[in-house]
Amino acid sequence: MQSSKGNGDLAQRMFEYFYRISDKYKVPVTALAILADGSKNYRPGIYVQEFMGTSLTYRFNSYKILDQDEIVLRGDSNPFAVVVLTALLAILHRNITDEQLKDIKHDLYEEMIKREMDKDTRQGIYDFLARYVSFKRPEMFIKFHRRVNFS
């Protein structure tokens, strides 16, 4: 997952990952870059390398979190929709108070509970939800954890 533009080298890194996996395992490979940055216009999807008449063009898939619809994600029964919803709300609400963030995380926790999933999946999503966007004050994590009383 790419959450910022970084050094602008995502396309090159995607190619390197593709090549290394393909070379090591000798299997067909597809790639997906999950773009969790706050820029609507940042959409890498191609890497081009040219030198002395030789050229390489590598295209890869991308999934832009900002393109997702909150209402659609809330209505989706897929557990991964909660992960995407968490990332989307983190992008949209970057400058909120810890108390507002706690309320959003609690709401997302409730979204997670609505979906039928096994305990390990639920725990993994809870861990992501609890830690993906951190509170400014560490004691807020404890308050959030107590409020949801996850077991």
Colleague: Checking Lys114 against Glu111 for the salt bridge (Lys or Arg N to Asp or Glu O under 4.0 Å) test, could you report, in this order, the C-alpha distance in whole Å, the side-chain angles of both residues, the deciding distance, and whether it holds?
Modeller: CA-CA 5 Å; Lys114 288 179 190 176; Glu111 287 292 333; 3.3 Å; yes
Colleague: For Tyr58 and Gln49, does a side-chain donor sit closer than 3.5 Å to a side-chain acceptor?
Modeller: no
Colleague: Please tabulate, for side-chain N and O atoms in residues 18-33, each donor-acceptor pair with protein atoms closer than 3.5 Å (sequence neighbours left out).
Modeller:
unit_1	atom_1	unit_2	atom_2	d
Asp23	OD1	Lys26	NZ	3.3
Lys26	NZ	Asp23	O	2.7
Thr30	OG1	Asn61	ND2	3.4

Colleague: Taking Glu70 first and then Arg74, would you say they form a salt bridge - that is, a charged N and a carboxylate O separated by under 4.0 Å?
Modeller: yes
Colleague: Hey, does the side chain of Asp118 reach the backbone of Thr121 with a donor-acceptor pair shorter than 3.5 angstrom?
Modeller: yes
Colleague: Do any N or O atoms from the side chain of Arg115 and from the backbone of Asp76 form a donor-acceptor pair under 3.5 angstrom?
Modeller: yes
Colleague: What distance separates Lys102 NZ from Glu99 CD, expressed to the nearest 0.5 Å?
Modeller: 4.0 Å
Colleague: Hydrophobic clusters here meaning ILVMFWY residues chained together by side-chain heavy-atom distances under 4.5 Å, can you tell me if Ile46 and Leu35 are in one?
Modeller: no
Colleague: Please report the interatomic distance CZ(Phe15) to OG1(Thr57), rounded to the nearest 0.5 Å.
Modeller: 10.5 Å
Colleague: Tell me, yes or no, whether the heavy-atom count around Arg59 atom CZ, taken from other residues, nucleotides or ligands under 6.0 Å, exceeds 12.
Modeller: no
Colleague: Mark yes or no for whether Gln12, through its side chain, and Asp9, through its backbone, hold a donor-acceptor pair below 3.5 Å.
Modeller: no
Colleague: Is the shortest heavy-atom distance from the side chain of Arg43 to the side chain of Asp67 under 4.5 Å?
Modeller: yes
